[in-house]
Amino acid sequence: MHRFANPARFLRIITAILPWSAGASAALLPLGLYFALIGSPPDYQQGDSVRIMYVHVPAAWMALAVYSVMAASGAVALVWRHPVAELVAQAAAPIGAVFTAMCLITGSLWGQPMWGTWWVWDARLTSVLVLLFLYLGYIALVNAFDDPTRGARAGAVLALVGLVNLPIIKFSVDWWNTLHQPASVARLGGPSIDPQMLLPLFTMAGGFAAFFVTVLILRVRAELLRRKLRVLRLAQAQG
Amino acid sequence: MSAFVAVLARDLRLGLRHGADLAMVVIFFVLAALLFPFGVGPEANLLARIAAGVVWVTALLAAMLSLDRLFHADYEDGSLDQLALSPAPLAVIVLAKATAHWLTTGLPLIAVAPALGLMLRLDPAGFAPLLLAMLVGTPCLSLFGAIGAALTLGARRGGALVALVVLPLVLPVLIFGVGAVEAEVTGLGAQPHLLVLGALLAAALPLAPLAAALALRQALESA
């Protein structure tokens, strides 16, 4: 853990990972889109609108995964006073917020033809909406302080408190009778989706994950370089 | 224990001597709730339908408004540093302050809620579950609010920020608080909703002071 607390070493490691993650997202996203839009059969009931799933479901997975990354980095930052972990948590938040918004928007576009409504106040949709507000609250809180360390620490506590929402989202479809369908991929007895549809789904999910890692690295690197620049400028000004 | 009682007594005394501040929260609560008959029209059926929701939502907003009182004055004049230095665990002090906050805002809100229910034409069967739900739910607001108030200490935009941080966390209280009234009025029985609210309170009572104490430490360290 402490090996990565050195910003210079961390910068070297993420710069080494960057081409691989960028390459993976550049390969997986077009491939996944091809499978999703052309290479997979339409649903026997939903027709072609089932293809929204290949964006909607990975976005939802990423929304939860990014929040977990954020909360885990927040915990590391609080426990070990880890400066790089603070940066990672802050850099992840806007990406997660966009994934969450994407999940809600694509879900709404899918809901209109399938359920006949853009929005229902059911448990799954509401808890994802709360997740979006948690992301926005986190971003607002982190940026509300003159002292960036204070903002990062406060944000880390909030991210950990908001963690209670993740199991609520995951199990909302099992606990309440909702319009949203229950889990059909990660369930006992194997997925209930046809392999022909699982292939594009997992390709897209891999692409989304690689894309997240790439953007996260770019954001963390930019922030690290910005701080370095600031220190250099200060040193220069002091002569 | 003695620290808990001492902080509770101090905060209650301070709160009661600034009676106008307390009255303001209650007046806001009444005023905001009574805006709805003007906004949606005085039709009895419509009002009865939304009464429980209106009372809960405005109680939530009134509680948000009062949160800056929780730690802010003590943070400004340095007494929070003194409290943090005391041998009593900071979480106990937070719990005492949250309790005082509930006694000085939650209880008055509950006291005027029946009057609002009458004016909003709440179904007679809904009064008991509304009061019970508020009795269990408003302490949760004070506890979650303590986390938010501690997190935003020293922030540039305090007021709106606290609401942005706390409201997503207290949404379950609102859902089950309104659900209790609706369920009783439609004949399903309020008990399941009240039990969930009780579970929320049982979880928040030990955990929220710990999180708020952690947040307070961060605030005091960087000050």
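What you are looking at is a predicted structure, and each value in this text was computed from that prediction instead of being measured. Convention: sequence-line order gives letters A, B, ...; per-chain numbering from 1.
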Should the heavy atoms of other residues, nucleotides or ligands under 6.0 Å from [atom1] of [X] be counted, would the total exceed 12?
X: A/Phe211; atom1: CZ; result: no
X: B/Arg10; atom1: CZ; result: yes
X: A/Arg219; atom1: CZ; result: yes

Which residues in residues 125-146 of chain A have any heavy atom lying under 4.5 Å from a heavy atom of chain B?
A/Val130, A/Phe133, A/Leu134, A/Leu136, A/Gly137, A/Ala140, A/Leu141, A/Asn143, A/Ala144, A/Phe145, A/Asp146
Neighbourhood of chain B inside residues 108-116 of chain A, taking heavy atoms under 4.5 Å as contact:
none
I'd like to check the ring-ring contact (aromatic ring centres under 6.0 Å, His included) partners of A/Tyr54; sequence neighbours left out, ordered by chain and number.
none
Closer than 3.5 angstrom, by distance alone: can the side chain of A/Arg150 be matched with the main-chain N or O of B/Leu220 as a donor-acceptor pair?
no
Given that the side chain runs from C-beta out, which part of B/Leu207 has a heavy atom under 4.5 Å from chain A: side chain, backbone, both or neither?
neither
Bottom line for B/Ala150: the part with an atom under 4.5 Å from chain A's heavy atoms is backbone
Should A/Thr149 and B/Gln218 count as side-chain neighbours, where that means a heavy-atom distance under 4.5 Å?
no
If you take all heavy atoms of A/Gly162 and B/Leu169, which pair is closest and at what distance?
CA-CD2, 4.3 Å
Just checking heavy atoms, which of residues 184-191 of chain B are less than 4.5 Å from chain A?
none
